[in-house]
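Here, residue 1 is the first one in the sequence, and each next residue gets the next number. Worth knowing before you read on, the calculation uses all heavy atoms, side chains too, and leaves out hydrogens, waters and symmetry mates.
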Amino acid sequence: MAHKEDNDGKGSSHCTALHVCIPKTSLPIVYHPDYNITFMGFEKLHPFDSGKWGKVIHFLKEEQFVTDGNIVEALEATEEDLLVVHTQRYLNRLKWSLVVAGITEIPPLMFLPNFLVQRRVLRPLRTQTGGTIMAAKLAVDRGWAINLGGGFHHCSSDKGGGFCAYADITLAIKFLFERVEGISKATIIDLDAHQGNGHERDFLDDGRVYIMDVYNRYIYPGDSYAKRAIKRKVELDWGTEDSEYLRKVELHTNGALNEVCPDILVYNAGTDVLDGDPLGGLSISPEGIGKRDEMVFRAARRRGVPILMMTSGGYQKKTARIIADSILNLHLKGLIGAEALEAEGSLSSPLVTSTMRNSAVNFEPADPV
């Protein structure tokens, strides 16, 4: 995919490392150990499992689907990268520990020197943000990509919240619009349990971006202004279960992609829809999450639309295993992995196939709607 010439002097003029060429032998799965936030136990003061990304990669290595040598190592987004979307005023506000404490919902952070907050909290979030931008370019080049972190859908250009300090979804799309030829339309399918008010505010008046959002109508953030950007809004009730949820996801995913066929599909695959999640308020089973992810990837594959997935929210310790199982299922079903594995001379990993066939989690497509 060719890069755009810099004709307009906009954000595409700055030099970035985030759209570097990646060897074909690498799977388009992006991760870095720096994603994980560990600092004197402060991370335990928020229900978010701030080490879940490392656990996901551990499970994927255990099943021999990935190795340190065949995944893509994320790079930290620089200030210049962030300024493609964020205002300088907002980035300057992040130099105040009190502001970061509010965004991450970890009050004790306000008492720490900001250089520690930058190093231990914001740097991991900037690295995940860089990972999303890199994965978006990889998705265009390879047909699919997964950032094992990211999905900070509550952050907009000038405001953070809900543990989201950087607008990685907006950044990834804007980078593609400004830098990659042939990318002029994007669809966001946000299936986190919470409304994605950050990217909605950023793309409110941008006709190039189609947003579908499926969320619990009764929980944070309840942003009525941002809802104006949603082209396909699906509001769920407390305790929604697999049958209703999967029926609506399949119906509206196909409807959204039939209404507008985008150049890139950005899929925010939050697992806080899981039954028992303390913040999501829905009752989706692990099997339901696997079926959901398969539906979205299959819908993109049928239409030849590149797909980028981020893992977003999920507030239970078992979330990491469910994410890993879903990724393994996507591979088993032939929806990811073939291109890179062909480059290595093998179409599939026998161990992965064997493990998934013997798994207690059986992901089958839902009945067509």
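For the pair Thr16 and Glu80, the minimum side-chain heavy-atom distance is 4.5 Å or more. At least one side-chain heavy atom of Trp238 sits less than 4.5 Å from a side-chain heavy atom of Ile219. Asn36 is listed as a side-chain neighbour of Tyr31, based on a closest heavy-atom distance under 4.5 Å. Under the 4.5 Å side-chain criterion, counting only non-hydrogen atoms from C-beta, Asp213 is not in contact with Val234.
With hydrogens and angles disregarded, a donor-acceptor distance shorter than 3.5 Å links the side chain of Asp242 to the backbone of Ser285. No donor-acceptor distance shorter than 3.5 angstrom exists from the side chain of Asp168 to the backbone of Gly130, with no hydrogens or angles considered. Side chain of Gln118 to backbone of Leu94: a donor-acceptor contact under 3.5 angstrom is found.
Considering Leu274, Asp277, Thr240 as possible partners of Leu282, the one that fulfils the side chain to side chain contact (heavy atoms under 4.5 Å, CB included) test is Thr240.
The stretch residues 258-276 participates, sequence neighbours left out, in these salt bridge (Lys or Arg N to Asp or Glu O under 4.0 Å) pairs: Arg232-Glu259. Sorted pairs that involve residues 93-120 and meet ring pair (Phe, Tyr, Trp, His ring centres under 6.0 Å), not counting sequence neighbours, are lacking altogether. Listed by first and then second residue, the salt bridge (Lys or Arg N to Asp or Glu O under 4.0 Å) pairs that reach into residues 183-204 are Arg201-Asp223, sequence neighbours excluded.
Between Ser97 and Leu112 the shortest heavy-atom distance is OG-O, 2.8 Å. Summarising the geometry of Asp293 relative to Met309, their closest heavy-atom pair is OD2-CE, 4.2 Å, with the distance given to 0.1 Å. Minimum heavy-atom separation, Glu76 to Leu18: O-CD2, 4.4 Å.
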_side-chain contact (heavy atoms from CB on, under 4.5 Å) for Thr319 and Val56? Distances and angles first, verdict last._
CA-CA 9 Å; Thr319 291; Val56 173; over 6 Å; no
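His154 and Phe163 have their aromatic ring centers separated by at least 6.0 angstrom. Aromatic pair His199/Phe203: centroids not less than 6.0 angstrom apart.
Other residues, nucleotides and ligands contribute more than 12 heavy atoms inside 6.0 Å of the NZ atom of Lys227. Environment of CZ in Arg93: sparse, with no more than 12 heavy atoms of neighbouring residues, nucleotides or ligands closer than 6.0 Å. Arg89 CZ: 12 or fewer foreign heavy atoms inside a 6.0 Å radius.
Under the 4.5 Å side-chain heavy-atom criterion for ILVMFWY residues, no single connected hydrophobic cluster contains both Leu330 and Phe59. Cluster annotation: Tyr220 is not connected to Tyr215 through the hydrophobic network of ILVMFWY side chains, with a link wherever side-chain heavy atoms come within less than 4.5 Å. If you chain together hydrophobic residues whose side chains sit under 4.5 Å apart, Val72 and Leu27 fall into the same group.
Taking the charged nitrogens against the carboxylate oxygens, Glu178 and Lys137 have no contact shorter than 4.0 Å, which rules out a salt bridge. Taking a cutoff of 4.0 Å between a charged side-chain nitrogen and a carboxylate oxygen, Lys248 and Glu244 qualify as a salt bridge.
Checked against side-chain contact (heavy atoms from CB on, under 4.5 Å), Arg217 has the following partners two or more places apart in sequence or in another chain: Glu235, Asp237. With sequence neighbours excluded, the residues forming a side-chain contact (heavy atoms from CB on, under 4.5 Å) with Leu83 are Glu79, Gln88, Leu91, listed by chain and number.
Atoms CZ and CD1, from Phe177 and Ile264 in turn, are 10.0 Å apart once rounded to the nearest 0.5 Å.
The other residues sharing a hydrophobic cluster with Leu204 are Tyr225, where clustering joins ILVMFWY side chains under 4.5 Å apart.
Ring geometry, Tyr90 versus His86: the interplanar angle falls under 30°, so the pair is classed parallel (tilted spans 30 to 60°).
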